[in-house]
Amino acid sequence: QVQVVELGGGLVQAGGSLRLSCTVSGTIFSIYAMGWYRQAPGKQRELVAQITSGGSTNYADSVKGRFTISRDNAKITVYLQMNNLKPEDTAVYYCNLVPPLVRGWGQGTQVTVSS
C-alpha cells in the first residue's frame, strides 16, 4: 500500500518562498517518476512539476523559472522549492507518481499566497 505524506505548506506573502516535501513509502520509490500536483478551489488538479528516476525535470509554464523539483532516493522524498510565489499559486499541493496512482493521493498541503 502506497503512503504519501506532504509537508511544508503555509501562508506566505506574494514574492515569498516555501519548500514542500513529500515522503513516499510502500513502493520502489527510486524507479518511478514523481510529480507535484495542485488543485485550486473550483479548478481541476494539475501537474506542475515532475522529475524522472534519472533526475530529468519538467515544469508547467505557469511555474517555470520559479519552482524547482528535486528528489532524494535515499530518503524516499521529493521536494518542491517554490520561489517568487504569486496569489494564483494558492492551492492544495499533492505529490504522486507520474502518471498518478489512484491510491497514491495523500492529504496534500495547503499553500496560500496573499497579495
Side-chain angles (χ1 to χ4, degrees):
Q1 181 178 354
V2 176
Q3 291 186 319
V4 175
V5 178
E6 301 103 340
L7 297 173
L11 173 64
V12 64
Q13 289 188 332
S17 299
L18 286 173
R19 188 191 194 208
L20 307 182
S21 66
C22 169
T23 301
V24 182
S25 60
T27 187
I28 307 173
F29 174 82
S30 62
I31 69 172
Y32 292 109
M34 294 296 302
W36 280 98
Y37 303 75
R38 69 184 181 187
Q39 187 167 21
K43 295 186 177 180
Q44 289 190 333
R45 193 171 296 179
E46 61 172 342
L47 176 65
V48 297
Q50 58 183 301
I51 184 167
T52 68
S53 58
S56 297
T57 59
N58 197 26
Y59 300 91
D61 287 343
S62 58
V63 306
K64 200 171 293 184
R66 301 187 297 120
F67 290 12
T68 303
I69 188 171
S70 60
R71 66 191 296 163
D72 185 334
N73 289 337
K75 296 182 178 180
I76 54 171
T77 300
V78 60
Y79 304 95
L80 186 67
Q81 177 67 43
M82 306 185 294
N83 298 327
N84 190 21
L85 283 160
K86 303 177 180 181
E88 51 263 43
D89 294 319
T90 295
V92 179
Y93 284 71
Y94 304 86
C95 74
N96 203 331
L97 278 61
V98 179
L101 291 178
V102 173
R103 67 183 188 277
W105 297 111
Q107 294 298 311
T109 185
Q110 176 72 47
V111 172
T112 303
V113 185
S114 63
S115 57

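Checking side-chain atoms of E6 against main-chain N and O of C95 turns up a donor-acceptor pair under 3.5 Å. Of the possible donor and acceptor atoms, one in the side chain of N96 sits under 3.5 Å from a partner among the backbone N and O of L101. With hydrogens and angles ignored, the 3.5 Å screen pairs no side-chain donor or acceptor of T112 with any backbone N or O of L11.
A donor-acceptor pair shorter than 3.5 Å cannot be found between the side chains of D72 and T77. Judged by distance alone, the side chains of R45 and Y37 never bring a donor and an acceptor atom under 3.5 Å apart.
With rounding to the nearest 0.5 angstrom, the OH atom of Y59 is 7.5 Å from the CG atom of L80. The CE atom of M82 sits 11.5 Å away from the CD1 atom of I69 when rounded to the nearest 0.5 Å. Taking NZ of K64 as the reference point, atom OG1 of T57 lies at 9.5 Å (rounded to 0.5 Å). Taken from CD in Q44 to CZ in R38, the straight-line distance is 14.0 Å, to the nearest 0.5 Å.
The minimum heavy-atom distance between S70 and I51, with the atom names listed, is CA-CD1, 3.8 Å. When every heavy atom of S115 is checked against every heavy atom of P87, the shortest pair comes out as CB-CG, 3.8 Å. When every heavy atom of C22 is checked against every heavy atom of V4, the shortest pair comes out as SG-CG1, 3.4 Å. A pairwise comparison of heavy atoms in V92 and Q107 identifies CG1-O, 4.2 Å as the closest pair. Between P100 and W105, the shortest heavy-atom distance links the atoms CB-CZ2, 3.5 Å. Residues V113 and T90 approach most closely at N-OG1, 2.9 Å, considering heavy atoms.
A salt bridge is absent between K86 and D89: the closest approach of a Lys/Arg side-chain nitrogen to an acidic carboxylate oxygen does not fall below 4.0 angstrom.
Counting non-hydrogen atoms of neighbouring residues, nucleotides and ligands closer than 6.0 angstrom, the NZ atom of K75 reaches no more than 12 such neighbours.
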